[in-house]
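Every number for a ligand or one of its atoms is a count from 1 in the order of the listing.
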Amino acid sequence: MAQQTLRPALLERLPSMAVGVLREIGALGDERGCHVYVVGGVVRDLLLGQVTLDLDLAVEGDGIAFAKAVADRYRTGLAVFERFVTARLVFPDGLKMDIATTRREFYAEAALLPTVQPAAIEEDLHRRDFTINAIAMQLNPGQFGRLLDVYGGQRDLRARRIRVLHAGSFQDDPTRIFRAIRFEQRFKFRLEPGTLRLLRQAASTNLIQQLSGPRLQNEILVLFAERDPVRAITRLAKLKLLRFLHRRLCASGTVMRVVRAVPQALAWWGSRSPDAVIDRSLVYLMALLSESSPVVIAGISKRLACSREQATKLSAGGKRLDRILKKLTDRETLRPSQVYRLLVDLPDEVLVLLVAKQVSRHQAAQLRQFKRYLMAYEETRTIATVLKGRDLQTMGLKPGPQYGAILGKLLDARIDGVVTSEEGERVFVQKRLSVLGHYL
Ligand code: CTP
């Protein structure tokens, strides 16, 4: 039975500025003769006692015209997505709001984006992914805070379960397979048995293969951006979903040990370089690929339609890192310049992965040595030679490949503290030049 209680106090939990805006938007709804609702994640989170500032609004009527009127009144930025009859508003203080026309959706083909048609709010709620995300609250004056829970969302929130609204839900939109895991792990809920059966069924077909690269990438990275991606990855593996990234990808014991070591590695990295910007989700993906070959990694980059930057980072990881790690944990002591040469081409995310790999091996002495090397490397990263190519030219060296070689050796000498001044650099270069016999 639909519950339609008035719960304005629930909306009052939002920051007062947002509550003010929502009340005014409700009044605008009355002025324009349409019902306006806040829907989805915001309502779910409010019912769970949490506050989200990404507001999704649904309008029974022309949502885009309504969004334009709101944008005019508040002088917000506005982006319109005609195909999905949705508009996004960004308020000057950062509040984000999506306004959409309430609609029904048709999936002409599974896994593709749907076509949409205006419909009443009840139908709009019915097309959604899970009951807990299909609760609306009305904003019109007099009805402000009216809770519209047609499909038992509150009951499922109380029972802590994720439930689809109809049997074709995963077929319509296979991204919901990943969303189910995301909400299940985030809230520590359980998949309702019928939903789990439908999910397994959908996962046993090739539906996910039909998802476009960007959509699959988005689901994976959003999942790995959750607070505890380790649980999510374990769940993906258990439900045999990793094969959709690559048929040869498997969460072996070694891989899962690296994945489980990522939080510790990130924490260590963060404590040493608090300002460093690390793509956390990508580190988790890299950990999952830590035993993979370059071919498998390239296949996954392609499947996920990774950007050039993401692909470069991913390809620097994988099984091949073991060689570097071995050198950094061997008994033999390395010079700072040798450490520098081993690490210099690696993005920070890969350095974090190296830490995770080493943490996962539970070899305390080697881990200490490795961390010392990393800290030393951090200090050498900014070292540069005073002399540049043009100085070598002035000193009489013909332009050519020797430039790189000599400047490389010079940098090593600087890093190792063999050379400490510009004068020292000149002497160093001159010695090399005379050995090479390249003076004019
Ligand atoms: N939705 C859906 N099916 C999808 C994606 C979204 O039905 N594949 C609906 C759900 O009602 C969801 C709402 O659109 O609540 C907004 O989507 P989104 O912002 O992605 O999700 P949130 O529920 O807000 O989740 P989060 O807290 O992770 O932002």
Side-chain angles (χ1 to χ4, degrees), residues 14 18 37-59 63 79 81 83-90 95-107 110-116 119 121-137 147-154 156-157 162-189 195 198-199 202 207-208 210-212 214-229 231-232 281:
L14 291 169
Y37 305 86
V38 58
V39 281
V42 201
V43 182
R44 175 200 67 216
D45 288 350
L46 283 173
L47 287 164
L48 287 171
Q50 296 163 12
V51 168
T52 315
L53 276 181
D54 253 346
L55 301 178
D56 281 317
L57 266 58
V59 176
F81 309 99
R83 183 174 165 198
F84 302 108
V85 278
T86 300
R88 165 153 278 215
L89 282 68
V90 182
L95 179 72
K96 289 198 199 97
M97 187 181 283
D98 283 340
I99 301 186
T101 302
T102 52
R103 85 285 293 277
R104 66 177 72 93
E105 292 180 341
F106 301 98
Y107 289 86
L112 292 184
L113 294 170
T115 39
V116 304
I121 183 74
E122 288 78 5
E123 267 195 84
D124 184 280
L125 295 176
H126 189 255
R127 61 148 182 116
R128 291 174 185 266
D129 51 2
F130 309 112
T131 57
I132 60 167
N133 289 341
I135 311 173
M137 287 187 97
L147 206 58
L148 198 65
D149 179 13
V150 192
Y151 305 105
Q154 292 178 95
D156 286 335
L157 276 176
I162 312 288
R163 189 160 61 90
V164 285
L165 282 100
H166 59 89
S169 190
F170 292 120
Q171 238 109 40
D172 284 350
D173 180 355
T175 64
R176 291 174 175 170
I177 294 174
F178 299 98
R179 290 174 65 85
I181 296 173
R182 172 145 61 96
F183 296 123
E184 177 198 46
Q185 299 304 319
R186 183 193 300 172
F187 300 125
K188 300 200 167 61
F189 282 14
T195 299
L198 291 168
L199 186 149
L207 269 171
I208 295 178
Q210 292 167 29
L211 278 178
S212 70
R215 288 187 80 199
L216 183 57
Q217 182 197 129
N218 180 58
E219 288 310 321
I220 295 291
L221 294 186
V222 167
L223 185 59
F224 291 0
E226 288 285 319
R227 214 178 41 200
D228 187 3
R231 292 162 51 95
S281 311

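With a 4.5 Å cut-off on side-chain heavy atoms, D129 and T175 do not count as touching. When side chains are defined from C-beta on, R179 counts as touching N133, because their heavy atoms get closer than 4.5 Å. Under the 4.5 Å side-chain criterion, counting only non-hydrogen atoms from C-beta, R128 is in contact with V39. Using a 4.5 Å heavy-atom cutoff, the side chains of I181 and E219 are not in contact.
Distance from atom 22 (P) of ligand 1 to its nearest protein heavy atom, with residue and atom name: R44 NH1, 3.9 Å. In terms of protein heavy atoms, atom 7 (O) of ligand 1 is closest to D129 N, 2.7 Å. Of the protein's non-hydrogen atoms, R179 NH2, 3.5 Å is the one closest to atom 12 (C) of ligand 1. Residue, atom and distance of the protein heavy atom nearest to atom 24 (O) of ligand 1 are G41 CA, 3.7 Å. Nearest protein heavy-atom contact of atom 13 (C) of ligand 1 is R128 NH1, 3.7 Å.
Contacts with ligand 1 closer than 4.0 Å are made by heavy atoms of both the backbone and the side chain of N133. At a 4.0 Å heavy-atom cut-off, ligand 1 touches D56 through the side chain alone. Within the 4.0 Å heavy-atom criterion, the part of D173 lying near ligand 1 is the side chain and not the backbone. Heavy atoms of R186 found under 4.0 angstrom from ligand 1 belong exclusively to the side chain.
Judged by distance alone, the side chains of R176 and T195 never bring a donor and an acceptor atom under 3.5 Å apart.
Using a 4.0 Å threshold on non-hydrogen atoms, atom 28 (O) of ligand 1 counts as touching the protein.
Ring geometry for Y151 versus H126: interplanar angle of 30 to 60°, hence tilted. A tilted orientation is assigned to the rings of F187 and F189, their planes being inclined by 30° to 60°.
Residues L211 and R215 share a closest heavy-atom pair of CD2-NH1, 3.7 Å.
Under the 4.0 angstrom criterion for non-hydrogen atoms, F183 is in contact with ligand 1.
Close approach to R176 involves these atoms of ligand 1, each under 4.0 Å from a residue heavy atom: 2 (C), 3 (N), 7 (O), 8 (N).
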